[in-house]
Amino acid sequence: MARSHFFQSLPVLMLLLLLSFSFVESYGHAKLRPKDCGGRCSYRCSATSHRKPCMFFCLKCCSKCLCVPPGTYGNKQTCPCYNNWKTKEGGPKCP
């Protein structure tokens, strides 16, 4: 009896899982318009004491990638272009 309930709810669970992954993917992959970069970068750089350079590089990265990771730090995996753009020295270019 318990197995039949599990198998009946399995499609619903799979759908919820799929929707949550598609939300994360759509958030990060080139969904912004260039005019949206200012607001996203302003929030991204809001917690740093180096706001001016953060904004400069964030806007540069956003205009190229059309993506800014969520939050004020980390989460770069949601924006592969933003995450993989490196400096000449191999460090991260985007904040």
Side-chain angles (χ1 to χ4, degrees):
M1 185 74 174
R3 286 185 119 176
S4 68
H5 288 292
F6 174 76
F7 288 116
Q8 288 175 348
S9 63
L10 189 61
V12 174
L13 292 173
M14 295 298 286
L15 180 63
L16 289 174
L17 186 63
L18 181 65
L19 286 173
S20 66
F21 281 128
S22 67
F23 172 74
V24 168
E25 186 172 344
S26 69
Y27 188 92
H29 293 295
K31 297 292 180 185
L32 293 179
R33 294 172 300 210
K35 68 178 187 174
D36 298 329
C37 290
R40 291 283 179 97
C41 285
S42 184
Y43 180 71
R44 180 82 178 165
C45 297
S46 64
T48 184
S49 58
H50 306 288
R51 184 164 169 78
K52 194 171 182 175
C54 180
M55 283 295 292
F56 175 81
F57 287 108
C58 183
L59 289 170
K60 186 174 187 150
C61 294
C62 182
S63 67
K64 177 185 176 188
C65 300
L66 296 177
C67 182
V68 175
T72 57
Y73 184 79
N75 302 314
K76 290 184 179 182
Q77 71 279 5
T78 61
C79 295
C81 170
Y82 192 99
N83 188 37
N84 297 333
W85 197 9
K86 306 293 183 196
T87 63
K88 290 182 223 175
E89 294 81 25
K93 187 163 196 103
C94 305

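Just so you know, these numbers use all the heavy atoms, side chains as well, and skip hydrogens, waters and symmetry mates. Just so you know, these numbers come straight off a predicted model, no measurement behind them.
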**Study point:** Expected output: side-chain Ser42 to main-chain Gly39 donor-acceptor under 3.5 Å
**Key:** no
Check your understanding: Between the main-chain N or O of Pro69 and the side-chain N or O of Asn75, is there a donor-acceptor pair closer than 3.5 Å?
Key -> no
Got a list of side-chain donor-acceptor pairs under 3.5 Å for residues 86-95, not counting sequence neighbours?
{"unit_1": "Lys86", "atom_1": "NZ", "unit_2": "Asn83", "atom_2": "O", "d": "3.2"}
{"unit_1": "Thr87", "atom_1": "OG1", "unit_2": "Glu89", "atom_2": "N", "d": "3.4"}
{"unit_1": "Thr87", "atom_1": "OG1", "unit_2": "Glu89", "atom_2": "OE1", "d": "3.4"}
{"unit_1": "Thr87", "atom_1": "OG1", "unit_2": "Gly90", "atom_2": "N", "d": "3.4"}
{"unit_1": "Thr87", "atom_1": "OG1", "unit_2": "Gly91", "atom_2": "N", "d": "3.1"}
{"unit_1": "Thr87", "atom_1": "OG1", "unit_2": "Gly91", "atom_2": "O", "d": "3.4"}

Review point. Between Thr72 and Tyr43, which heavy-atom pair has the shortest distance, and what is it?
Key: CG2-O, 3.4 Å
Using a 3.5 Å cut-off and no angle test, enumerate the donor-acceptor pairs between side-chain atoms of residues 54-63 and protein atoms at least two apart in sequence or in another chain.
{"unit_1": "Ser63", "atom_1": "OG", "unit_2": "Leu59", "atom_2": "O", "d": "3.3"}
{"unit_1": "Ser63", "atom_1": "OG", "unit_2": "Lys60", "atom_2": "O", "d": "2.9"}

Point to revise | Sequence-distant partners of Thr48, side chain to side chain donor-acceptor pair (under 3.5 Å), two or more places apart | key: none
**Study point:** Residues forming a side-chain contact (heavy atoms from CB on, under 4.5 Å) with Tyr73, sequence neighbours excluded
**Key:** none
Practice item. Only counting residues at least two apart or in another chain, list the ones meeting side-chain contact (heavy atoms from CB on, under 4.5 Å) with Asp36. Key: Leu32, Arg33
